[in-house]
**Student:** 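Sharing a structure here in structure tokens format.
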Number of protein chains: 2
Amino acid sequence: MRDKKYHHGNLKEALIEAGLEILSESGLSDLSLRTCAARVGVSHTAPKNHFGNMNGLLTAIAARGYEQLAEHMRRGLPENPTRHEVRNAAFEGYVDFARAQPALFELMYSSGRTTRDDPALKAGVGACFEILREASMNLDWDKAGAPDAELRAQIMSWSLVHGFAQLLLAGKLDKDATKALGVLDVVPDFGFRA
Amino acid sequence: MRDKKYHHGNLKEALIEAGLEILSESGLSDLSLRTCAARVGVSHTAPKNHFGNMNGLLTAIAARGYEQLAEHMRRGLPENPTRHEVRNAAFEGYVDFARAQPALFELMYSSGRTTRDDPALKAGVGACFEILREASMNLDWDKAGAPDAELRAQIMSWSLVHGFAQLLLAGKLDKDATKALGVLDVVPDFGFRA
DNA sequence: AGATAATATATACACTGGAAACATTTGATC
DNA sequence: GATCAAATGTTTCCAGTGTATATATTATCT
């Protein structure tokens, strides 16, 4: 880094990755414009050109998070997976991701820190939502047959797995409870009747 | 308030209520030691004597939040409620509370801002958990009969209703989806088979 | 080459939580 | 009642935060 250039060249991407690193290493409270900028070696006002403000940077980081979450939910799937395999992978991957990246997960689902209408963010959320749609198909819930049975099952699946992940991260499920249930064992098989 | 006394007399309680008001009126981002202290008319370092630091104040506020949530989950119950009425009231009350107090709800379930081991906080969480236990009794899930079937049903109930509430607050369920489902209509009757 | 836009810096400001020293009041003990 | 210790608040200061403004540097396009 002898000849440090005035223009970084790929600052936008570098800042997002710096943010992801900070979230992974430290936590959400240590993620700031200044820590991100410092890690990249740039002044703390440089991000403004690419993200507008803190909200914009956080939104971009959260969007990347949803992409990673979608990856996680498809990880380890065989070539032509059965519907049951898709469901198991999706639910296991969801909780796995939350536990592996708690700070990022918290940012992704916090209400005021990100901009909901952001296209990249909505795309990431949409990718996850699509996986959950596939994972929830042909679930024989009680109200199956109702006009919006599929959407209903999809939202219930998402609620169930997300609520479980969040309660886990928030420490609301004590160790006895989770151990008795087998945590990851209970998740993919939430009592759904195939 | 002519003769303003040096000692407030009930500062601890006043600060908690000020915090609840700020959360209700403005939002989590506007809640600070200084805004709380200013609302009570006291210096911004006064809270230290009662709560130690910001974390302590937030923990106390969150604990109060769980008490309010427990109230909400029992609101409007008749004298000798049926199990179905208990369940409906608990689930409706849970989502109702989240929508009525989104900022407080976010604080209550955020990971790093509060101290998990705090006795008052644990008591509040315990009260809610107990209501959920009652609301989940005799649920005929697939794995009913297993040694920990009841705890399992309890955790699933909590995950389901909490996940739904959080996804709602985070704006992940678009209006078409929630409208198609009837939101509060779907909550108390999540496909449980009585 | 020269104008213009994009990108990064420098500086200043209001805000935050917390540490330290000090002031005031309360309450217990003699 | 006087006295001394503990509890309760204030004052002052500091490092850290996001952002607005003005400025400097580079890239791009005609």
Side-chain angles (χ1 to χ4, degrees), chain A residues 1-19 21-23 25-62 103 106-107 110-115 118, chain B residues 1-19 21-23 25-62 103 106-107 110-115 118:
Chain A
M1 282 301 181
R2 291 289 308 281
D3 45 354
K4 184 184 171 187
K5 292 185 292 185
Y6 191 92
H7 286 76
H8 181 282
N10 199 15
L11 182 55
K12 184 168 188 174
E13 179 63 25
L15 285 171
I16 293 176
E17 287 179 0
E21 288 173 17
I22 292 172
L23 284 181
E25 297 169 7
S26 305
L28 185 49
S29 59
D30 286 334
L31 175 62
S32 71
L33 273 178
R34 295 171 120 101
T35 56
C36 274
R39 180 175 286 246
V40 179
V42 95
S43 86
H44 79 280
T45 52
K48 176 166 188 175
N49 297 313
H50 301 277
F51 301 103
N53 54 17
M54 185 66 186
N55 201 283
L57 174 58
L58 292 181
T59 300
I61 294 174
E106 185 184 0
L107 170 64
S110 77
S111 11
R113 280 188 270 248
T114 58
T115 302
D118 181 77
Chain B
M1 283 298 180
R2 288 290 307 282
D3 45 353
K4 185 184 173 189
K5 292 186 292 186
Y6 190 93
H7 287 78
H8 182 281
N10 199 15
L11 182 55
K12 185 167 187 174
E13 179 63 25
L15 285 170
I16 294 176
E17 287 178 1
E21 288 173 18
I22 292 173
L23 285 180
E25 298 169 6
S26 304
L28 186 49
S29 60
D30 285 334
L31 175 62
S32 71
L33 274 179
R34 295 172 119 99
T35 56
C36 274
R39 179 175 288 245
V40 179
V42 98
S43 83
H44 83 280
T45 53
K48 178 169 188 175
N49 296 314
H50 301 277
F51 302 102
N53 54 17
M54 185 67 185
N55 202 283
L57 174 57
L58 292 181
T59 300
I61 295 174
E106 184 183 1
L107 170 64
S110 77
S111 10
R113 279 187 269 248
T114 58
T115 302
D118 181 77

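In what follows, chains carry the letters A, B, and so on, assigned in the order in which the sequence lines appear, proteins first and then strands, with residues in each chain numbered from 1.
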**Student:** To the nearest Å, how far apart are B:M54 CE and D:dT17 C1'?
**Tutor:**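 That distance rounds to 14 Å.
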**Student:** List the residues meeting side-chain contact (heavy atoms from CB on, under 4.5 Å) with A:L33, not counting sequence neighbours, and say none if there are none.
**Tutor:**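 Per chain and number, A:L33 pairs via side-chain contact (heavy atoms from CB on, under 4.5 Å) with A:P47, A:M54, A:L57.
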**Student:** Figure out the CG/C1' separation between B:L11 and C:dT26, and round it to whole Å.
**Tutor:**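 Going from B:L11 (CG) to C:dT26 (C1'), I get 15 Å.
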**Student:** Output all residues satisfying side-chain contact (heavy atoms from CB on, under 4.5 Å) with A:T59, sequence neighbours left out; order by chain, then residue number.
**Tutor:**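 With neighbours one apart ignored, the set is A:N55, A:T114, A:T115, A:D118, A:L121.
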**Student:** Is there a side-chain contact (heavy atoms from CB on, under 4.5 Å) between B:I16 and B:F51? Walk through the geometry before answering.
**Tutor:** CA-CA 10 Å; B:I16 294 176; B:F51 302 102; 3.8 Å; yes
**Student:** Under the side chain to side chain donor-acceptor pair (under 3.5 Å) test, which residues partner A:S43, sequence neighbours left out?
**Tutor:**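 Residues passing side chain to side chain donor-acceptor pair (under 3.5 Å) with A:S43: A:T45.
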**Student:** Could you list the residues that satisfy side chain to side chain donor-acceptor pair (under 3.5 Å) with B:E17, not counting sequence neighbours?
**Tutor:**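 In terms of side chain to side chain donor-acceptor pair (under 3.5 Å), with neighbours along the sequence ignored, B:E17 is linked to no residue.
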**Student:** Take atom CZ of A:R113 and atom P of D:dT17, then tell me their distance rounded to the nearest Å.
**Tutor:**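 Computing the A:R113:CZ to D:dT17:P distance gives 15 Å.
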**Student:** With sequence neighbours left out, which residue pairs that include part of residues 40-51 of chain A fulfil the salt bridge (Lys or Arg N to Asp or Glu O under 4.0 Å) condition?
**Tutor:**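 Not a single pair qualifies under salt bridge (Lys or Arg N to Asp or Glu O under 4.0 Å).
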**Student:** For A:R34, check side-chain contact (heavy atoms from CB on, under 4.5 Å) against everything at least two apart and list the hits.
**Tutor:**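 If we apply the side-chain contact (heavy atoms from CB on, under 4.5 Å) test to A:R34, skipping adjacent residues, the hits are A:S32, A:H44.
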**Student:** Check the distance between D:dT17's C1' and A:I22's CD1 and give it to me in whole angstrom.
**Tutor:**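 Answer to the nearest Å: 14 Å.
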**Student:** Check DNA chain D against residues 43-52 of chain A and give the residues with a non-hydrogen atom under 4.0 Å, in numerical order.
**Tutor:**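 Within residues 43-52 of chain A, the residues near DNA chain D are A:H44, A:T45, A:K48.
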**Student:** For B:L57 and C:dT16, what is the distance between atoms CG and C1' respectively, to the nearest whole Å?
**Tutor:**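 Computing the B:L57:CG to C:dT16:C1' distance gives 14 Å.
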**Student:** Atom CG of A:N53 to atom P of D:dT21: distance rounded to whole Å?
**Tutor:**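 Rounded to whole Å, this separation is 14 Å.
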**Student:** Could you pull out all residues at least two apart from A:L11 that satisfy side-chain contact (heavy atoms from CB on, under 4.5 Å)?
**Tutor:**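 If we apply the side-chain contact (heavy atoms from CB on, under 4.5 Å) test to A:L11, skipping adjacent residues, the hits are A:H8, A:L15, A:V40, A:V42, A:A46, A:H50.
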**Student:** What residues from residues 26-39 of chain B pass a heavy-atom cutoff of under 4.0 Å to DNA chain D?
**Tutor:**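 Heavy-atom cutoff 4.0 Å gives no residues at all.
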**Student:** Can you tell me the distance, in whole Å, between the NE2 atom of B:H8 and the P atom of C:dT26?
**Tutor:**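 Distance check: B:H8 NE2 to C:dT26 P gives 14 Å.
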